[in-house]
Amino acid sequence: MNFPSPIEEKTFRGHSFYLKRDDLISSEFSGNKARKFHYFLDHNFPHITKVVSYGSAQSNAMYSLSVLAKLKGWEFDYYVEHIASYLEQNPHGNYKYALSNGMNLHVGRGIPTPTSKEDSLFIEEGGRQKEAEYGLKFLAQEILEWKMEQGIEELNIFLPSGTGTTALYLSKAFSVGVGGIPKPTVFTVPCVGDVNYLKEQFLMLEKDEKFHPKIITPSKKRHFGKLYRDSYNIWLELQADIGIEFDLLYDPHGWLTLLENPQIFEKPTLYIHQGGLIGNESMLRRYQRIYSENIKYKR
Ligand SMILES: *Cc1c(COP(=O)(O)O)cnc(C)c1O
């Protein structure tokens, strides 16, 4: 695995910023899911034979867990409430690759209850787990070392949130033991649910609000997984202007919100690329079906 992941300097719409390329950690196990599941990779679990989780059939976390299970020699049981018949008949994206990694899919059998079974490791939807803190401390350390080398004093960090686990533990890692040096400020925007939902997610993982990231309220409500013309456009524009493929589920909402808040760019700003590109296969198909006139980019 490619640690530390590179940091590149870019310019978009007149704003200079730095980009943390966690999408380049590894071709299989990458992005923020590699950070969140790093703990399980680094430790031995002699009694565990199986990992159990649940969520959507297109989830990035699902795919990353299938990779983890393969690397560890574990079985992988994954529960979905429903699977779209198009996806089932035309497997692609995270779903296809998770199945090829040996995932056992259970459809419509409810959410599994966390068992105390000795042989099973239960992972919450999207990897919202205490264990995620371990890998995010490494991310924080990589950023602090780079910041020192560059002689950057104050730093703003921006990343879009789902469960908020990544942003929370990153922010917390900076708050603990960075004596003297101004600590980076972590900004995030909710992509799943609203600001209150994200706050609740933070509180489930960390009661002390002084460790929480700063939540930016988006000017426009966008439903998770839905398609929006402005989301697709910004994704195409980022691709064309800086030559980087971002994720289509979180990053467009993230970028649109960041650009609405140009005050963030008044300090050196680091955007975290959280991976998720395999999931783009399914999002891109959906976008191209409705906006077929505008295919500027093909994987
Ligand atoms: C999972 C994921 C997120 C959300 O991460 P959380 O820790 O749940 O907030 C953001 N971006 C990408 C690309 C992801 O795969």
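The figures here come from the full heavy-atom set of this structure, side chains too, leaving out hydrogens, waters and symmetry mates. Indexing begins at 1, ligand by ligand and atom by atom, following the structure's order. Residue numbers run from 1 in the order of the sequence given.
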* Asked: Taking NZ, NE, NH1 and NH2 as the nitrogens, is one of them in Arg13 or Glu237 under 4.0 Å from a carboxylate oxygen of the other?
  -> yes
* Under 4.0 Å from ligand 1, counting heavy atoms only, is it the side chain of Arg128, its backbone, both or neither? -> neither
* Those atoms of ligand 1 less than 4.0 Å from some heavy atom in Gly164 -> 6 (P), 8 (O), 9 (O)
* Subset of ligand 1 atoms that lie under 4.0 Å from at least one heavy atom of Lys36 -> 5 (O), 6 (P), 7 (O), 8 (O)
* Report the nearest protein non-hydrogen atom to atom 4 (C) of ligand 1: residue, atom name, distance rounded to 0.1 Å. => Gly162 N, 3.4 Å
* Is there side-chain contact between Asn32 and Leu159, with at least one heavy-atom pair below 4.5 Å? -> no
* To do: Kindly write out the residues that satisfy ring-ring contact (aromatic ring centres under 6.0 Å, His included) with Phe211, not counting sequence neighbours, or none if the list is empty.
  => none
* **Per-residue contact class, Thr163 against ligand 1 - non-hydrogen pairs under 4.0 Å** => both
* **4.0 Å heavy-atom contact, Ala167 with ligand 1** => no
* Nearest protein heavy-atom contact for atom 2 (C) of ligand 1: which residue, which atom, what distance? -> Lys33 NZ, 2.5 Å
* Would you check, one step at a time, whether the test side chain to side chain contact (heavy atoms under 4.5 Å, CB included) holds for Leu256 with Tyr228? => CA-CA 12 Å; Leu256 289 166; Tyr228 296 93; over 6 Å; no
* Looking only at protein heavy atoms, identify the closest one to atom 11 (N) of ligand 1 and say how far it is in Å. => Tyr250 CD1, 3.3 Å
* To do: For ligand 1, note which part of Asn32 has a heavy atom under 4.0 Å away: side chain, backbone, both or neither.
  => side chain
* For the pair Glu142 and Lys20, find out whether any cationic side-chain nitrogen is under 4.0 Å from an anionic carboxylate oxygen. => yes
* Are any of the N/O atoms in Gly126 less than 3.5 Å from those in ligand 1? -> no
* Lys50 NZ to Trp74 CH2 distance, which is reported to the nearest 0.5 Å -> 13.5 Å
* Asked: Closest heavy-atom contact between Ser5 and Arg21?
  -> CB-O, 3.4 Å
* Asked: Between Asn104, Asp119, Thr49, which is the residue that forms a side-chain contact (heavy atoms from CB on, under 4.5 Å) with Glu75?
  -> Asn104
* Asked: Among protein heavy atoms, which lies nearest atom 13 (C) of ligand 1, and at what distance?
  -> Gly275 O, 3.1 Å
* Asked: Considering only heavy atoms, does Asn60 approach ligand 1 within less than 4.0 Å through its side chain, its backbone, both, or neither?
  -> side chain
* To do: Return the orientation label for the His38 and Phe3 ring planes: parallel under 30°, perpendicular over 60°, tilted otherwise.
  => parallel
* With a 4.0 Å cut-off on heavy atoms, does Gly31 reach ligand 1? -> no
* So, is Thr166 polar-close to ligand 1, with some N/O to N/O distance under 3.5 Å? -> yes
